[in-house]
Amino acid sequence: MSSSMSSPAINADISEMLLELGKHEMNVNQNRFKYQMYRKAAKSVVDHPKRIQSVAEAKGLAGVGAKIALKIMDFVANGSNRQLDRVRQSDTNQSINELLRVSGIGPKLAAKLMADGIDTIDRLRTIADTLTDHQKIGLKYVDEFERKIPREEIQKIETLLTAKMNEFNKNLLLTICGSYRREARESGDIDVLITHRNVTSDQMKFKTNTYLKDSVRSLQKCGLITDRLSLGDTKFMGVCRLSKECPHRRIDIRFLPLDQYFCGILYFTGNDFFNQQMRKHANEMGFTLNEYSLRRLGLTSVPGEPIAITSEKEIFEYIDFPYKEPRDRNF
DNA sequence: AGGACGTCGCATTTCG
DNA sequence: CGAGATGCGA
DNA sequence: GTCCT
């Protein structure tokens, strides 16, 4: 989904090439900075209103330098890109990408598995006993986790979650963020934020609470949560299923103190590019904004104490940034 | 020319 | 055994 | 790989 629908993605093919090269840098070469630069370039390209025709035109785009400009021209002239073709036919690349489908397996382990001759998911199953709990669950649901979640299913999960949480503690509040909150028709996973009316970050500094663990236990008991990838005092990562007819879904639940709840909702609603732009604007207005708080910057750029926030809208008002409904944050 | 590029919670491994 | 480092995901 | 200093 490109940010502006004005001219329907005239450079979409170039953008996809760059994204694929970026993925290769991340997955095979383990270079996340090159990956991010390719992503940035890909976004510039897809937002560019006319077909890229020259090196100069390419280099004018943010994130596109000499090297990527040449790759773009190669692609435009030949309908393909030599490096991309080489990457695609590489057995190593194909194997690593197959292994990376398993949640909990990253570039490091994938490379090690390759060295040990484990180059397919089928072979991975033969050594499943050596995997961590997280990786075993990733393997078990490898196909299900790749299915998109229809909005209607998340709405039902939201209703169920709200009912269960309320039943177990009336002071708990809940918001499902991510692309669901941006009103997407379907989402890749479910990102839930919860807080408690009476819990502050000051309290949590010296005393943790069990609201998250208790919530998770209650949701396991009713059968919604089926597996756990990780669980601490503030973050649960795991698996849920609405009913036996539905696939298993990835779900994250975070517990935040009330004073950080709204910055958290803003942050986890995204998208990434929207957050980036809003944080930049905050800086220009003399603030610093992150997932926890909004703080005014002093003369020496030293952040002051967090500003008290009681709604998401307030954050926009403080930094004089025009309010955008979640559905309009797909930058 | 050379450093920055987001940061952090959790699970696991490694070091002492 | 505990403290720090690493991998991973987001 | 690109940008900034």
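Per chain, numbering begins at 1; letters A, B, ... match sequence-line order.
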Report the nucleotide, chosen from [options], that has the shortest atom-to-atom distance to any side-chain atom of [X].
| X | options | value |
| --- | --- | --- |
| A:Lys108 | C:dG9, D:dC3, C:dC8 | C:dC8 |
| A:Leu231 | B:dA11, C:dA10, B:dG6 | B:dA11 |
| A:Met37 | C:dC8, D:dG1, C:dA10 | D:dG1 |
| A:Lys40 | D:dC3, B:dG9, D:dT2 | D:dC3 |
| A:Ser230 | C:dA10, B:dT12, B:dC10 | B:dC10 |
| A:Lys235 | B:dA11, B:dG9, D:dT2 | B:dG9 |

Heavy atoms only, 4.0 Å cut-off, all strands: where does [X] land among base, sugar-phosphate and nothing?
| X | answer |
| --- | --- |
| A:Lys59 | nothing |
| A:Tyr38 | sugar-phosphate |
| A:Asp233 | sugar-phosphate |
| A:Ala66 | sugar-phosphate |
| A:Tyr292 | sugar-phosphate |
| A:Asp252 | sugar-phosphate |

Interatomic distance at [atom1], [N] relative to [M], whole Å:
| N | M | atom1 | result |
| --- | --- | --- | --- |
| C:dC1 | B:dT13 | C1' | 15 Å |
| C:dA3 | B:dC10 | C1' | 16 Å |
| C:dC8 | B:dC5 | P | 23 Å |
| B:dC8 | D:dG1 | P | 29 Å |
| C:dA10 | B:dG3 | C1' | 26 Å |

Exactly one candidate in A:Thr310, A:Thr195, A:Thr175 meets side chain to side chain donor-acceptor pair (under 3.5 Å) with A:Tyr261; the answer is A:Thr175
Verify whether the ring centers belonging to A:Phe273 and A:Phe331 lie closer than 6.0 Å.
no
Using whole Å, report how far [atom1] of [X] lies from [atom2] of [N].
| X | N | atom1 | atom2 | answer |
| --- | --- | --- | --- | --- |
| A:Leu229 | B:dT12 | CG | P | 11 Å |
| A:His134 | B:dA11 | NE2 | C1' | 10 Å |
| A:Ile137 | C:dC8 | CD1 | P | 17 Å |
| A:Ile253 | B:dG9 | CD1 | C1' | 15 Å |
| A:Arg254 | C:dA10 | CZ | P | 9 Å |
| A:Leu256 | B:dG9 | CG | C1' | 12 Å |
| A:Asn275 | C:dA10 | CG | P | 17 Å |
| A:Asn27 | C:dG7 | CG | C1' | 14 Å |

More 5' along DNA chain B: A:Thr130 or A:Leu212, using each one's nearest nucleotide?
A:Leu212
Which residue lies more 5' along DNA chain B, comparing A:Asp133 with A:Phe33 via nearest heavy atoms:
A:Phe33
Do [X] and [Y] have side-chain atoms, one donor and one acceptor, less than 3.5 Å apart?
| X | Y | result |
| --- | --- | --- |
| A:His134 | A:Ser103 | yes |
| A:Arg181 | A:Thr269 | yes |
| A:Asp85 | A:Asn81 | no |
| A:Tyr141 | A:Asp227 | yes |
| A:Ser201 | A:Asp259 | yes |
| A:Asn27 | A:Asn97 | yes |
| A:Arg182 | A:Asn330 | yes |
| A:His24 | A:Gln83 | no |

Hey, does the side chain of [X] come within less than 4.0 Å of [N]'s phosphate (OP1/OP2), counting only N and O?
| X | N | value |
| --- | --- | --- |
| A:Gln36 | B:dG6 | yes |
| A:Arg250 | C:dA10 | yes |
| A:Thr234 | B:dC10 | yes |
| A:Lys34 | B:dC5 | no |

Secondary-structure stems for DNA chain B, with pairs counted as Watson-Crick or G-U when both distances are under 3.5 Å and runs at least 3 long:
B:1-5 with D:1-5, B:7-12 with C:5-10, B:14-16 with C:1-3
